[in-house]
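Okay, so here's the structure we're looking at.
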Amino acid sequence: MEIYFYNTLTKSKDKFKPINPKEIRIYSCGPTVYKDATIGNMRTNIFQDVLRRVLKYNGYNIKHAMNITDVGHLVSDADEGEDKMLKSAREENKTPLEIAEHYTKIFFEDLNALNVETPEIVCKATEHIKEMLEYVEKLVNNGYAYETSTAIYFDISKLDKYPILSNLDIEKQKAGARVDIDPEKKNPYDFALWIKAPENHLMKWDSPWGLSYPGWHIECSAMGQKYLGEQFDIHTGGIDLIPTHHENEIAQSKGRCGKIPANYWMHGEYLLINGGKMSKSLGNVYLVKDIKEKGYDPIVYKLFSYSSHYRNKLNFTWEGIDAASKSLERLRNSYQVNLNGKDELTPEDKEKLMQVEENFHKAINDDLNMPLAMSFVWETARFEKKNPEVAEMLAKFDTVLGIKIDEINSKDEDIPQEILDLVEQRKIARENKDWAKSDELRDLIAEKGYVVKDTKDGMSIDKK
Ligand code: AMP
Ligand code: ZN
């Protein structure tokens with residue numbers, strides 16, 4: 001089945017044509033490990049996880065690289081201010097390495113809690129200084145870079161076109177240009193490839209330009225090229241990366257080898273909180289940890305994120321999380337009920353299921369339309385007949401959703417075996433249409449402190 005992705009490069013939904021169908025190569029801009037990743041950052045990671053899973057659903061093998069930025073990302077994305085790692089190290093009274101290790105560990109724990117797959121390649125900026133230096137030297141040799149007293153800058157005037165991805169009107173911007181920090185820059189939009197380290201700077205390496213450190217954009221270009229080649233299939237990130245970081249990655253690649261590094265550029269929209277921005281000053285920054293502390297399985301957040309298309313804004317509310325928590329419980333319950341279901345499926349039922357699968361597949365292949373895909377997941381979960389084949393279909397959908405649908409709801413786990421046996425006996429009584437016995441067993445279960453309910457999704461057992 002054909003796959004379509006919205007491509008920021010062409011500004012249209014394009015049919016996906018792999019460079020090499022045997023292996024799809026994807027690059028994702030990873031975290032700057034200077035602070036806790038928020039659930040906003042995690043929304044972008046969930047979108048990238050869905051992309052991976054959808055490609056696999058379509059039978060593709062993938063090679064996905066994600067970087068860890070542990071140097072060079074300045075406080076302002078426009079090459080200004082202090083390095084974010086150094087700022088954190090100073091504030092937390094730790095070394096930059098300690099900061100990087102601490103936040104990298106938490107980042108992967110969060111991904112794991114959300115059942116987000118780890119990319120095949122995870123690469124740290126500080127372990128690729130050699131590759132970055134080679135890249136910058138090549139740009140200098142090709143005439144795309146120049147040295148100032150503080151840095152090596154990329155010269156955007158050497159490109160046939162800049163910008164390519166964003167709608168930035170640089171001529172207009174130039175007219176009303178802000179006072180530029182570095183008066184030696186030839187154009188306001190020239191950006192630092194390599195930065196000369198001031199004295200006492202903690203992170204610096206030997207280079208032809210003395211002790212210095214990489215700019216943020218060169219990291220992704222150098223690592224992307226090393227692991228995925230000069231041109232790969234898909235480049236992803238959050239929408240905030242379009243106008244500076246990704247624009248500059250394209251500029252660098254054009255300067256180095258004349259090519260745009262990826263054919264498809266996919267960007268995830270922002271998570272909002274109560275309709276606005278998440279910010280420390282408003283006290284509304286939430287982490288995966290906060291979701292756990294409120295007693296929710298973090299996967300609930302993943303399911304919640306499927307309520308909006310990845311290219312639309314999503315508004316976070318605790319009510320939304322609560323509703324998603326109930327949905328997760330219902331889906332897992334339906335899976336268990338179907339696994340043990342004894343209803344026979346007619347050829348018409350099987351035909352219906354196949355149609356739902358096709359609809360699901362079309363939805364995910366249509367630029368990862370998860371809200372639509374979820375409607376077909378629910379259609380399956382509410383399928384009239386309860387049968388293991390329905391459970392199998394739900395498990396197949398879960399290879400994309402990644403919500404661990406086969407996990408038993410934790411409430412059920414606490415239910416004693418004696419009660420589960422009585423529930424099983426009641427199920428048999430109902431299958432035999434022995435309603436008197438069924439009611440008798442329900443009363444007995446109630447005497448022992450449990451309520452058994454027959455819902456449209458199957459049976460549920462709760463403590464009274
Ligand atoms: P930051 O830690 O702010 O540099 O963010 C890392 C990446 O996470 C950004 O480049 C964004 O793509 C993404 N991101 C940050 N905040 C949000 C948000 N509220 N919603 C979705 N993605 C976000
Ligand atoms: Zn990047």
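Just the heavy atoms: all of them, side chains too, but no hydrogens, waters or symmetry mates, feed the values below. Both counts, for ligands and for their atoms, begin at 1 and track the order of listing.
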Residue, atom and distance of the protein heavy atom nearest atom 4 (O) of ligand 1 read K84 NZ, 3.9 Å
Regarding ligand 1, does L271 bring an N or O atom to under 3.5 Å of one of the ligand's N or O atoms?
yes
Which atoms of ligand 1 sit under 4.0 Å from any heavy atom of [X]?
| X | value |
| --- | --- |
| G238 | 12 (O) |
| M278 | 19 (N) |
| T44 | 13 (C), 21 (C), 22 (N), 23 (C) |
| L241 | 10 (O) |
| G40 | 17 (C), 18 (C), 19 (N), 20 (N), 21 (C), 22 (N), 23 (C) |

Near-ring test F16/Y4, centroid separation under 6.0 angstrom
no
Discussion item. Tell me whether E357 is salt-bridged to K362, with the criterion being a basic N under 4.0 Å from an acidic carboxylate O.
Written reply: no
inquiry  = With a 4.0 Å cut-off on N to O distance, would you call R332 and D297 a salt bridge?
reply    = yes
With heavy atoms and a 4.0 Å threshold, my read on which part of D240 contacts ligand 1 is side chain
Checking heavy-atom distances from atom 1 (P) of ligand 1 to each of N41, T32, L314, the winner is N41
Side chains of L272 and K313 in contact at under 4.5 Å (non-hydrogen atoms): yes
Is it the case that the side chains of [Y] and [X] hold a donor-acceptor pair, with the cut-off being a distance below 3.5 Å and no angle test?
| X | Y | value |
| --- | --- | --- |
| H246 | H217 | no |
| D155 | N187 | yes |
| N365 | N58 | yes |
| T244 | N248 | no |

Determine, using heavy atoms of E269 and all atoms of ligand 1, whether some pair is separated by less than 4.0 Å.
yes
For the residue pair [X] and [Y], categorise the inter-ring angle as parallel (less than 30°), tilted (30 to 60°) or perpendicular (more than 60°).
| X | Y | result |
| --- | --- | --- |
| W318 | Y286 | perpendicular |
| Y189 | Y162 | tilted |
| Y264 | F5 | perpendicular |

Atoms listed for the Zn ion (ligand 2) (protein only, N, O or S, under 2.8 Å, no waters) are C29 SG, C220 SG, H245 NE2
